[in-house]
2 protein chains.
Amino acid sequence: MAIKDRKERDKLDRRKLIIESATRLFLEQGYEKTSIRNIADDIEYSPATIYLYFKEKDEIFFIIHEQGFALLNQEFANIGDIKDPFERLQELGKTYLNFGLRNPDYYDLMFIMRAPLSEIACHDKWEAGDAALNHLYNTVDECLSQKVIHIGDKLMISMAIWSFVHGLVSLYVRERFKAVANSADDATKKMVFESLQYFLNSLRA
Amino acid sequence: MAIKDRKERDKLDRRKLIIESATRLFLEQGYEKTSIRNIADDIEYSPATIYLYFKEKDEIFFIIHEQGFALLNQEFANIGDIKDPFERLQELGKTYLNFGLRNPDYYDLMFIMRAPLSEIACHDKWEAGDAALNHLYNTVDECLSQKVIHIGDKLMISMAIWSFVHGLVSLYVRERFKAVANSADDATKKMVFESLQYFLNSLRA
DNA sequence: CAAACATACTAAACAGTGTTCACAAAATAC
DNA sequence: GTATTTTGTGAACACTGTTTAGTATGTTTG
């Protein structure tokens, strides 16, 4: 059965090839401009071939969406070492903002776009999102136990903090800050981080 | 020159006809499914005709985007009467959330989508957004003067508050809450408003 | 070895999209 | 009544995601 094994490996290789090409094109040109024909051209196969490996375009972008979460969780990983929960909360926030501002396309797919939504729904649990948000949830929990932030429901507070940082990043990546405060980009970025600091300090009990 | 006047009126009427059709279709079926051919069918003209009245699809959706802001500002209007700035701030937040949750498609166009962005840019000031955000800015200013919220830069605090409510609405309309907290929709909505309350109470000096 | 089968691939088509352009028809001006 | 301007359109261009029928290749079986 060695032949069958090799064949399966080959099949996975071609799947990987498609994903790698799609990821590269996506990060270079964005979602809209990364068409099936585009990917097909890049890997020198016919467009129809891609449908032998993926049910639809969004299935590919769901995988890229998960790669994004792998990246984010990687950046979150070391933060677990920080003992003080409030300090950890601050670091989580900063890391989240940095991730969003540095990887706007990944961020888009992960938290803004409708693209991978049908795929997310059919897995009935958004595992990627869940994993990332657990870091926040646990930290909030500790903050509450140690009474360093105002009392309230764990989930509700996590939701609030997530919404806050998401709001900052998504208004930034969708250029709504640019349109209203016509200050330089660096100044806006700086204010984004100041907002986080102001917000978290306010939460302090 | 009465004829010329009538002609101009007619022209505006047909422009209005297109916008009304586009708005209706947009609110019924969303942005993606509202195509030029769709609108053309609806108003019983050829698709090419639409391009006599609008440079591109996004110009139409920029106008719908502005209609959305007209609606939002209308809901903001009465809030100016509230004397206490903090109470006013709370009401602004609640109204913003309600607007977003009740008009997800308008909200999308106004604060999330890339569609009207080129149009926004070419007006070099995002007047619609500016007007709406001024309500917030002025209220924050008053809150600071009366020392009812923690001290900080006016613009930065406005940015923080806007980001917060935007984060709540946009995670909601893009179904990221649904994917992570698999509670009922009503429960999620309730928590959205609780988050606002928690956040604003935290800001209190 | 040849016939039967399975796998991998693709050209071509379908049904859409935004947009442009050459041309026709209608309304106005002279 | 002819000339000119305004108004509208069919057809095409260059795309999009996706499906299908058919081919070419490799593997298995009689």
Side-chain angles (χ1 to χ4, degrees), chain A residues 1-19 21-22 25-26 28-65 109 113-119 122, chain B residues 1-19 21-22 25-26 28-65 109 113-119 122:
Chain A
M1 286 298 114
I3 290 170
K4 210 167 189 175
D5 284 4
R6 193 216 62 206
K7 283 212 148 192
E8 259 175 49
R9 262 185 291 121
D10 284 0
K11 192 152 191 171
L12 284 176
D13 279 355
R14 268 168 328 234
R15 229 184 112 93
K16 207 175 154 191
L17 187 71
I18 294 169
I19 293 169
S21 166
L25 292 176
F26 168 68
E28 273 171 13
Q29 324 172 347
Y31 178 81
E32 301 290 331
K33 283 178 187 168
T34 306
S35 67
I36 297 293
R37 281 172 180 81
N38 235 295
I39 299 167
D41 268 11
D42 186 55
I43 60 173
E44 292 175 300
Y45 278 80
S46 129
T49 304
I50 291 173
Y51 286 88
L52 298 176
Y53 297 90
F54 298 94
K55 196 179 112 275
E56 55 190 3
K57 193 191 176 187
D58 285 355
E59 196 184 331
I60 301 173
F61 281 87
F62 175 72
I63 288 164
I64 298 178
H65 142 281
L109 222 44
M113 289 191 59
R114 290 232 159 80
L117 226 62
S118 62
E119 282 294 322
C122 85
Chain B
M1 285 298 113
I3 290 169
K4 209 168 190 176
D5 285 4
R6 194 216 62 207
K7 280 214 145 194
E8 261 175 49
R9 263 186 289 119
D10 284 0
K11 192 153 190 170
L12 285 174
D13 278 355
R14 267 168 327 235
R15 230 184 110 94
K16 207 174 154 193
L17 187 70
I18 294 169
I19 293 168
S21 166
L25 293 175
F26 168 68
E28 272 171 14
Q29 324 173 346
Y31 178 81
E32 302 290 331
K33 282 179 186 165
T34 307
S35 68
I36 297 292
R37 281 173 180 80
N38 235 296
I39 299 167
D41 268 13
D42 187 55
I43 60 173
E44 293 175 299
Y45 277 80
S46 129
T49 303
I50 291 173
Y51 286 88
L52 297 176
Y53 297 89
F54 298 94
K55 198 179 112 273
E56 56 190 3
K57 191 190 177 187
D58 286 355
E59 198 184 329
I60 300 173
F61 281 87
F62 175 71
I63 289 164
I64 299 178
H65 142 282
L109 222 43
M113 289 191 62
R114 290 232 159 81
L117 227 60
S118 61
E119 282 293 321
C122 85

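Every chain is numbered from 1 and lettered A, B, ... according to where its sequence line falls, protein lines coming before strand lines.
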Who passes side chain to side chain donor-acceptor pair (under 3.5 Å) against B:Y53, sequence neighbours left out?
B:R14

With no hydrogens and no angle check, is any side-chain donor or acceptor of B:D58 less than 3.5 Å from a backbone partner on B:E119?
no

Bend across the helix from C:dC5-D:dG26 to C:dC30-D:dG1, to 10°, with axes taken over 5 pairs at each end?
30°

Cation-pi geometry met for A:K57 and A:Y51 (6.0 Å, 45°):
no

Ignoring backbone atoms, test whether B:Y53 places a side-chain nitrogen or oxygen under 4.0 Å from the OP1 or OP2 oxygen of D:dG8.
yes

To the nearest angstrom, how far is A:I18 atom CD1 from C:dT10 atom P?
11 Å

Could you state the OH-C1' distance from A:Y31 to D:dT16, rounded to the nearest angstrom?
11 Å

For B:F62, which residues count as a ring-ring contact (aromatic ring centres under 6.0 Å, His included) partner, sequence neighbours excluded?
B:H65, B:H123

Does A:E28, at its CD atom, have more than 12 non-hydrogen atoms belonging to other residues, nucleotides or ligands within less than 6.0 Å?
yes

Side-chain touch A:L109/A:F26, heavy atoms, less than 4.5 angstrom:
yes

Would you say A:T49 reaches C:dT10's phosphate, i.e. side-chain N/O to OP1/OP2 under 4.0 Å?
yes

How close or far is atom P of D:dT9 from atom OH of B:Y45, stated in whole angstroms?
7 Å

Locate the shortest heavy-atom distance separating B:A40 from B:I50; write the atom from each residue and the value.
N-CD1, 3.7 Å

Between P on D:dT7 and CD1 on B:I50, what's the gap in Å once rounded to a whole number?
16 Å

Using atom CZ of B:R14 as one end and atom C1' of D:dT6 as the other, report the distance to the nearest whole Å.
9 Å

Indicate, with a heavy-atom threshold strictly under 4.0 Å, whether B:F54 touches base, sugar-phosphate, or nothing.
nothing

How long is the line joining CD1 of A:I43 and P of C:dA8, in whole Å?
15 Å

Could you give the CZ-to-C1' distance, from A:R15 to C:dA8, as a whole number of Å?
16 Å

By side chain to side chain donor-acceptor pair (under 3.5 Å), which residues pair with B:D41, not counting sequence neighbours?
none

In B/S/- notation (B base, S sugar-phosphate only, - none; protein heavy atoms under 4.0 Å), nucleotides 13-20 of chain C written 5' to 3' is B---BBBB

Spacing between A:D41 atom CG and D:dT16 atom P, to the nearest angstrom
9 Å

Quick test of your reading: applying salt bridge (charged side-chain N to carboxylate O under 4.0 Å, His left out), list the pairs with at least one residue in residues 44-56 of chain A, sequence neighbours left out, ordered by first then second residue.
none

